[in-house]
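Just so it is clear, the structure is predicted and the values come from calculations on it, not from any experiment.
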Amino acid sequence: ASIRRNDAQLNGGAAKAVASDSTNSQLFVLNGQTGGVDIVDVSEALSPVLNGTVDLSAAEADAAKTLGAATSIATGSGFLAVAIAADNPQEDGIAALYLLEDLSLVATYDVGPGPSAIVFDLLSSSLLVANEGLPSDDHSVNPEGSITQIDLSDGVDNVTINDIDFSEFNSGGSRADEVPAGLKPLAPGVTLAQDLEPGRISVTLDNDKAYVSLQSNNAVAVIDLETASVDALIDLGVKDFGEARNSLDVNDNGSITLQTWPGVVGLYQPYGLRTYQSGGSNFFVTANEGRARDFSGFSELLRASDLDGVVGPEIDPANPSAAAAGNDSQLGRLQVSSERGDTDGDGDIDQISAFGARSFSVRDAEGNLIYDSGNDLIRVTQTLLGNNANDRDTLSDEKGAQPKGLALVSSQERIYALITLNGVGGVGVGGLHSRRAVHVDAVGVDLHERDDRGTGATVLIEHLDQQRVAFVNQVVAQEHS
């Protein structure tokens with residue numbers, strides 16, 4: 001079943017995220033085309049009906065500030081929470097709270113600049129907002145990234161708001177010695193707190209910690225929810241594209257050809273991040289999309305062929321792929337960073353660093369890599385699509401299948417990771433019990449708890465961020481050893 005707005009525009013990002021309300025049989029869809037939140041009646045799961053929009057103007061009036069687009073949505077404890085950016089994205093945004101029963105506005109709360117994600121903790125006793133703090137395009141204004149914790153335990157009218165920032169980790173700060181060696185500001189003249197850009201949030205099953213993706217920074221922040229403080233910063237490291245199981249296609253020439261490239265690495269840079277617990281220990285899963293800093297005032301984005309000592313820094317001649325990087329028919333088309341990979345500090349590029357690992361990964365609570373899917377996503381999609389994989393091979397020089405969104409599903413004491421593949425228009429399904437990507441089907445995932453058919457089956461909500469569509473399907477997942 002599906003529902004589509006007639007005014008949807010292809011590539012408009014009109015269905016960016018979904019949140020469900022099983023009590024009132026409604027689904028909320030973040031509409032990137034309009035900047036609003038659509039309401040879908042799913043009383044009949046296979047016949048969804050568009051049922052209006054959430055009144056964001058009421059939130060703007062209550063907050064007494066000019067607002068921009070809604071950026072994230074979540075449901076919990078009888079409420080719909082909406083993160084809304086300020087009209088000037090470098091200024092503080094808000095979190096708005098609505099009653100699910102009638103969608104009337106309950107309250108608004110100030111959060112940081114560029115709120116990119118909003119979630120309830122597992123008890124719905126607090127809201128967490130990741131404030132990305134993106135710079136202006138000319139880099140003249142660069143607010144700090146932060147996390148806002150809104151404690152709702154004493155009621156929506158008597159909240160405690162904690163702003164969790166990263167200023168202690170700045171050079172000369174009280175926790176500067178805790179910053180991993182691979183984590184440093186890229187743009188000139190900015191602090192680490194300005195450079196860190198919190199993205200997605202996932203709360204651990206014990207409700208003690210929140211893991212927050214810092215995508216552009218190739219890092220994850222761990223937040224202690226009890227003390228409302230940063231517990232740790234984790235540098236995710238790099239993936240070696242010189243290993244056989246990590247082979248990839250780096251050229252947008254119309255033909256999918258997998259090859260290893262020694263001396264070339266991928267920055268994991270996950271967008272999607274989810275936590276789970278196994279054997280009493282916490283783990284987190286990442287969808288390793290990749291993301292370059294690319295502004296008019298500062299950009300790290302180049303082709304490998306531009307690492308020539310003229311356009312960008314020179315590649316160390318000891319790198320085994322240095323010669324291939326100068327050839328557009330070989331490695332030269334690959335998008336790489338001009339600012340990363342100088343491992344010995346002598347000014348040239350020792351490791352050619354691409355954006356994204358083109359995979360999903362599992363890590364323990366401290367960030368140690370337990371498993372990475374290697375080249376499974378491209379191998380499976382190439383088998384299904386041939387040279388039409390990686391969006392007809394147009395994205396092979398960028399991020400490949402572009403694993404982005406992520407959800408975890410528990411079924412029969414097994415956990416499955418559902419990874420959206422924006423560069424394919426599909427979902428990779430990985431059984432964490434077997435640690436393999438086992439299926440590719442459609443695109444965009446979230447869960448809807450209601451199953452009116454009484455079959456006990458999981459129901460999956462899928463959303464396409466290429467066009468304004470939402471699907472409700474029965475999920476059938478099979479384990480492959």
Side-chain angles (χ1 to χ4, degrees), residues 2 4 8-18 29-33 71-72 116-117 132 197 199-200 213 215-216 218 239 248-250 252 256 266-274 285-294 301 334-335 354-361 372-408 417-430 437 439-447 460-471 473:
S2 66
R4 175 173 178 168
Q9 297 177 8
L10 192 65
N11 296 321
K16 298 184 70 174
V18 292
V29 181
L30 188 65
N31 189 328
Q33 184 174 307
T71 57
S72 183
S116 60
E132 199 168 15
E197 298 174 356
R200 303 296 100 184
S213 64
Q215 185 179 18
S216 296
N218 194 36
K239 177 174 177 173
L248 73 166
D249 182 15
V250 299
D252 55 342
I256 300 292
L267 304 161
Y268 287 93
Q269 295 184 311
Y271 178 87
L273 181 152
R274 296 287 177 136
V285 186
T286 60
N288 306 314
E289 178 195 26
R291 184 183 186 186
R293 300 283 180 86
D294 189 23
L301 181 63
L334 180 65
Q335 291 186 352
F355 303 104
R358 308 189 183 199
S359 63
F360 71 94
S361 303
D372 182 80
S373 64
N375 60 7
D376 282 357
L377 296 180
I378 182 58
R379 287 195 304 104
V380 172
T381 54
Q382 183 186 24
T383 298
L384 291 171
L385 303 172
N387 289 332
N388 286 323
N390 291 350
D391 194 10
R392 302 175 305 280
D393 197 37
T394 61
L395 297 177
S396 292
D397 59 326
E398 298 180 24
K399 304 172 188 175
Q402 200 173 337
K404 188 169 185 175
L406 177 65
L408 300 184
L418 308 177
I419 307 102
T420 67
L421 308 176
N422 277 25
V424 177
V427 169
V429 182
H439 188 58
V440 175
D441 184 28
V443 71
V445 297
D446 196 5
L447 296 181
L460 175 69
I461 304 298
E462 301 175 353
H463 61 89
L464 304 182
D465 54 10
Q466 296 298 311
Q467 52 186 313
R468 180 61 182 84
V469 184
F471 295 95
N473 290 336

Using only atom types and a distance under 3.5 Å, with no angle test, would you say the side chain of S373 pairs donor to acceptor with the backbone of F360? yes
So which atom in L30 and which in S72 form the shortest heavy-atom distance, rounded to 0.1 Å? CD2-N, 3.8 Å
Rounded to the nearest 0.5 Å, the CG atom of L406 sits from the OH atom of Y271 at a distance of 11.5 Å
CD of E132 to CD of Q215, rounded to nearest 0.5 Å, is 8.0 Å
Please identify each residue that fulfils side-chain contact (heavy atoms from CB on, under 4.5 Å) with S213, with sequence neighbours left out. R200, L273
Sequence-distant partners of D249, salt bridge (charged side-chain N to carboxylate O under 4.0 Å, His left out), two or more places apart: none
Can you check side chain to side chain contact (heavy atoms under 4.5 Å, CB included) on R358 and N375, steps first, answer last? CA-CA 7 Å; R358 308 189 183 199; N375 60 7; over 6 Å; no
N390 to G400 - nearest heavy-atom pair and separation: OD1-C, 3.1 Å
Closest non-hydrogen atom pair between R379 and D376, with its separation: NH2-OD1, 2.7 Å
Could you tell me whether the side chain of Q269 and the main chain of F355 form a donor-acceptor pair under 3.5 Å? no
Counterpart residues, side-chain contact (heavy atoms from CB on, under 4.5 Å), relative to Q402 (two or more places apart): E289, L395, K399, N422
Contacts of type side-chain contact (heavy atoms from CB on, under 4.5 Å), residue A357, not counting sequence neighbours: K239, Y268, N288, S359
Mind listing the closest non-hydrogen atom pair of G199 and S116 along with its distance? O-OG, 3.2 Å
On a heavy-atom basis, the closest approach of I419 and G430 is CD1-N, 4.4 Å
Residues forming a side chain to side chain donor-acceptor pair (under 3.5 Å) with E197, sequence neighbours excluded: S216
Taking salt bridge (charged side-chain N to carboxylate O under 4.0 Å, His left out) as the test, write out the residues that go with D252, two or more places apart. R333
What heavy-atom pair brings G386 and I256 nearest, and what distance separates the two atoms? O-CG1, 3.6 Å
